[in-house]
Q: 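This is the structure I want to talk about, given as structure tokens.
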Amino acid sequence: MVLQWYREKGRHHLPWRQTTDPYRIYLSEVMLQQTPVERVIPYYQRFLDRFPTLEALGEGEEEEVLALWSGLGYYSRARNLHRTARISGGELPRSYRELLQLPGIGRYTASAISSFAYGEARAVVDTNIKRVLKRYWATSDGREIWELAERLLDRENPREHNLALMDLGALICRPKDPLCSLCPLRSRCLGRGDPLAYSSPSGRSYSKVELHLGISLREGSIALVPSQGRLYRGMLLLPSVPGGERAVATIYHTYSRYRVRVLLYPLSSPPADALWVPLSRLGEVPVPSLVRKAVKAYLEGGD
DNA sequence: GATCCGTGGTC
DNA sequence: TGACCAAGGAT
């Protein structure tokens with residue numbers, strides 16, 4: 001039985017498992033999207049210290065929300081989180097349908113909030129559960145997974161049921177080296193003979209990009225410019241420069257499907273719209289990791 | 001339905 | 001180093 005396995009071996013220590021507060025469940029689910037659990041934990045704690053309630057979040061500024069998110073990536077998550085806080089006026093809606101209407105909340109997150117916070121009988125399907133179910137039924141067709149999940153759902157105990165399948169996927173039914181011998185479902189699992197055949201392909205191809213960024217320092221402050229395009233919207237970046245021969249430092253950074261080689265140059269006259277941010281306050285400002293890495297490399301490499 | 005959106009860790 | 005990964009959502 002999965003439930004018994006979960007009660008003995010599940011990840012009960014995770015901070016967001018200690019609560020049924022919809023806001024906290026919601027925050028954790030958004031942070032966990034495409035992001036490793038261990039990485040989320042400190043961000044989750046810090047975020048709640050500053051914004052303990054959805055109401056407090058709605059009263060905060062997007063700039064500060066993005067600053068708290070800095071380093072987590074996928075920053076539209078933070079902007080949507082903040083928008084949702086403002087839209088919903090201090091309290092999340094109770095119904096799945098209304099949750100689905102909110103920015104940044106899709107089928108997975110709406111189901112997760114409904115089941116984890118409200119105890120509603122909603123099946124949850126994330127990549128972990130999808131992999132578990134695909135192997136269990138030995139199907140490579142991902143389209144019917146939601147229906148299968150609904151059929152399998154324990155309607156008496158949806159919260160634990162969903163968490164159990166999720167933990168099973170993360171701890172036992174792992175993408176690469178599944179621990180079938182420890183799996184509580186092994187006797188009825190149709191995919192146990194060849195579990196890897198039913199894993200998702202997931203492959204992402206990378207292309208190389210080169211970036212030329214300028215660094216201006218004056219009296220301990222650095223010049224940053226607001227992001228223009230869709231990427232890093234609402235955040236501050238190093239200004240782009242034409243690029244010359246004398247890069248002071250070079251760093252590598254991966255983002256989305258790009259492997260970026262970043263060349264850093266001293267910049268004597270930054271753009272007029274630049275903001276001067278004291279280096280000592282770089283941690284309080286909405287900048288992506290790329291900027292922190294670049295500044296660090298520049299200061300260390302450029303004497 | 002395919003593509004875009006970040007990042008630090010790991011092998 | 002380079003490839004690949006990890007609790008999705010929006011377009």
Side-chain angles (χ1 to χ4, degrees), chain A residues 10-11 14-17 24-44 66 69-81 83-84 99-117 122-133 141-143 145-146 149 159 162-171 173-177 199-209 211 227 229-235 237 250-262 286-294 296:
Chain A
R11 296 176 289 180
L14 296 175
W16 42 90
R17 298 272 175 95
R24 293 181 178 234
I25 300 293
Y26 167 43
L27 176 65
S28 72
E29 291 304 334
V30 174
M31 285 188 166
L32 286 162
Q33 289 168 11
Q34 307 290 289
T35 309
V37 168
E38 292 307 318
R39 183 151 183 74
V40 166
I41 292 175
Y43 279 87
Y44 175 79
L66 285 169
W69 209 269
S70 175
L72 262 192
Y74 288 128
Y75 298 100
S76 66
R77 294 183 295 174
R79 295 193 303 269
N80 285 333
L81 184 75
R83 282 175 59 201
T84 286
L99 287 169
L100 260 187
Q101 304 304 313
L102 294 166
I105 297 183
R107 194 174 183 182
Y108 164 77
T109 306
S111 299
I113 295 170
S114 294
S115 112
F116 300 159
R122 290 270 173 195
V124 162
V125 177
D126 68 344
T127 51
N128 282 316
I129 295 184
K130 182 180 288 188
R131 183 176 57 254
V132 169
L133 299 184
D141 184 1
R143 290 175 300 181
I145 293 295
W146 278 93
R159 181 176 194 273
N162 286 327
L163 291 172
L165 287 185
M166 219 177 270
D167 280 6
L168 192 68
L171 301 176
C173 198
R174 308 184 296 196
K176 286 188 175 171
D177 47 347
S199 304
S200 299
S202 85
R204 203 195 293 195
S205 62
Y206 287 81
S207 48
K208 295 178 182 174
V209 173
L211 221 50
S227 160
R230 212 165 70 137
L231 184 62
Y232 298 129
R233 177 164 297 175
M235 305 185 82
L237 304 173
T250 303
I251 63 167
Y252 289 90
H253 185 77
T254 47
Y255 99 83
S256 192
R257 36 174 268 269
Y258 300 101
R259 170 103 178 140
V260 189
R261 183 170 186 245
V262 185
V287 294
S289 279
L290 172 57
V291 171
R292 288 189 213 290
K293 277 167 66 175
K296 185 168 182 283

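Predicted model, so just to flag it, every value in this text is computed and none were measured. Residue numbers begin at 1 in each chain, while the letters A, B, ... track the order of the sequences.
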Q: Pick out which of A/Ile129, A/Thr127, A/Val124, A/Val125 makes a side-chain contact (heavy atoms from CB on, under 4.5 Å) with A/Tyr108.
A: A/Val124
Q: Please classify the nucleic acid contact of A/Arg11 as base, sugar-phosphate, or nothing, using heavy-atom distances under 4.0 Å.
A: base
Q: So, is A/Arg107 near the phosphate of C/dG9, with a side-chain N or O under 4.0 Å from OP1 or OP2?
A: no
Q: Just the rounded figure in Å: distance from C1' of C/dG8 to CH2 of A/Trp146.
A: 10 Å
Q: Between atom OG1 of A/Thr84 and atom CG of A/Leu27, what is the distance when rounded to the nearest 0.5 Å?
A: 12.0 Å
Q: Between protein and nucleotides 1-5 of chain B, what N or O pairs are separated by less than 3.5 Å?
A:
unit_1, atom_1, unit_2, atom_2, d
B/dC4, OP1, A/Arg257, NH1, 2.7
B/dC4, OP2, A/Arg257, NE, 3.4
B/dC4, OP2, A/Arg257, NH1, 2.3
B/dC4, O5', A/Arg257, NH1, 3.4

Q: Using a heavy-atom cut-off of under 4.0 Å over every strand shown, decide if A/Ser28 touches base, sugar-phosphate, or nothing.
A: nothing
Q: Taking the P atom of each, how far is C/dG9 from B/dG8, in whole Å?
A: 23 Å
Q: Check the phosphate of C/dG9 against A/Thr109, side-chain N and O only, distance under 4.0 Å to OP1 or OP2. Yes or no?
A: yes
Q: How would you label the contact of A/Arg83 with the nucleic acid (heavy atoms, under 4.0 Å): base, sugar-phosphate, or nothing?
A: nothing
Q: How far does the P atom of C/dC4 sit from the matching atom of B/dT3, given to the nearest Å?
A: 16 Å
Q: Have a look at A/Trp16 and say if it touches a base, only the backbone sugar-phosphate, or nothing, with a 4.0 Å heavy-atom cut-off.
A: base
Q: If you measure from CD1 on A/Ile105 to CD1 on A/Ile113, what distance do you get to the nearest 0.5 Å?
A: 4.5 Å
Q: If you pin A/Lys208 and A/Asp167 to their nearest nucleotides in DNA chain C, which one's is more 5'?
A: A/Lys208
Q: Answer with base, sugar-phosphate or nothing: what part of the nucleic acid does A/Ile25 contact at a heavy-atom distance below 4.0 Å?
A: nothing
Q: Can you tell me how far P of C/dA7 sits from CD1 of A/Ile41, to the nearest Å?
A: 14 Å
Q: In this structure, how many angstroms lie between the C1' atom of C/dA6 and the CD atom of A/Gln33, rounded?
A: 12 Å
Q: Mark yes or no for a side-chain to base donor-acceptor pair under 3.5 Å between A/Arg174 and C/dA6, with no hydrogen or angle criteria applied.
A: no
Q: CG of A/Leu14 to CD1 of A/Ile41: how many Å apart, nearest 0.5 Å?
A: 5.5 Å
Q: Please verify the inter-ring angle class for A/Tyr44 with A/Trp16; under 30° counts as parallel, over 60° as perpendicular, anything in between as tilted.
A: perpendicular
Q: To the nearest 0.5 Å, tell me how far A/Leu133 CG sits from A/Trp146 CH2.
A: 10.5 Å
Q: For nucleotides 8-11 of chain B, print each protein N/O atom paired with a nucleotide N/O atom at under 3.5 Å, atom names and distance only.
A:
unit_1, atom_1, unit_2, atom_2, d
B/dG8, OP1, A/Ser289, OG, 2.8

Q: Using whole Å, report how far CZ of A/Arg77 lies from C1' of C/dT11.
A: 18 Å
Q: For the CZ atom of A/Arg122 and the CG atom of A/Leu99, what is their distance to the nearest 0.5 Å?
A: 9.5 Å
Q: Minimum heavy-atom separation for A/Arg131 to A/Cys173, with atom names?
A: NE-O, 2.7 Å
Q: What residues, two or more places apart in sequence or in another chain, satisfy salt bridge (Lys or Arg N to Asp or Glu O under 4.0 Å) together with A/Asp167?
A: A/Arg11, A/Arg17
Q: Take the protein atom CG of A/Leu102 and the nucleotide atom P of C/dA10, then report the distance between them rounded to whole Å.
A: 10 Å
Q: Check the distance between B/dT7's P and A/Met31's CE and give it to me in whole angstrom.
A: 15 Å
Q: Using only heavy-atom distances, determine whether the side chains of A/Arg261 and A/Tyr252 contain a donor-acceptor pair under 3.5 Å.
A: yes
Q: If we take the P atom in both B/dC4 and C/dA7, what is their distance in whole Å?
A: 22 Å
Q: Under 4.0 Å: is that the gap between some side-chain N or O of A/Thr127 and OP1 or OP2 of C/dA7?
A: yes
Q: Tell me the interatomic distance from A/Tyr108, atom OH, to C/dA6, atom P, rounded to whole angstroms.
A: 15 Å
Q: To the nearest angstrom, how far is A/Asn162 atom CG from C/dA7 atom C1'?
A: 12 Å
Q: How many angstroms lie between atom CG of A/Asn128 and atom CG of A/Asn162, to the nearest 0.5 angstrom?
A: 12.5 Å
Q: Counting the atoms with a prime plus P, OP1 and OP2 as sugar-phosphate, which does A/Ile105 contact under 4.0 Å by heavy atoms, base, sugar-phosphate, or nothing?
A: sugar-phosphate
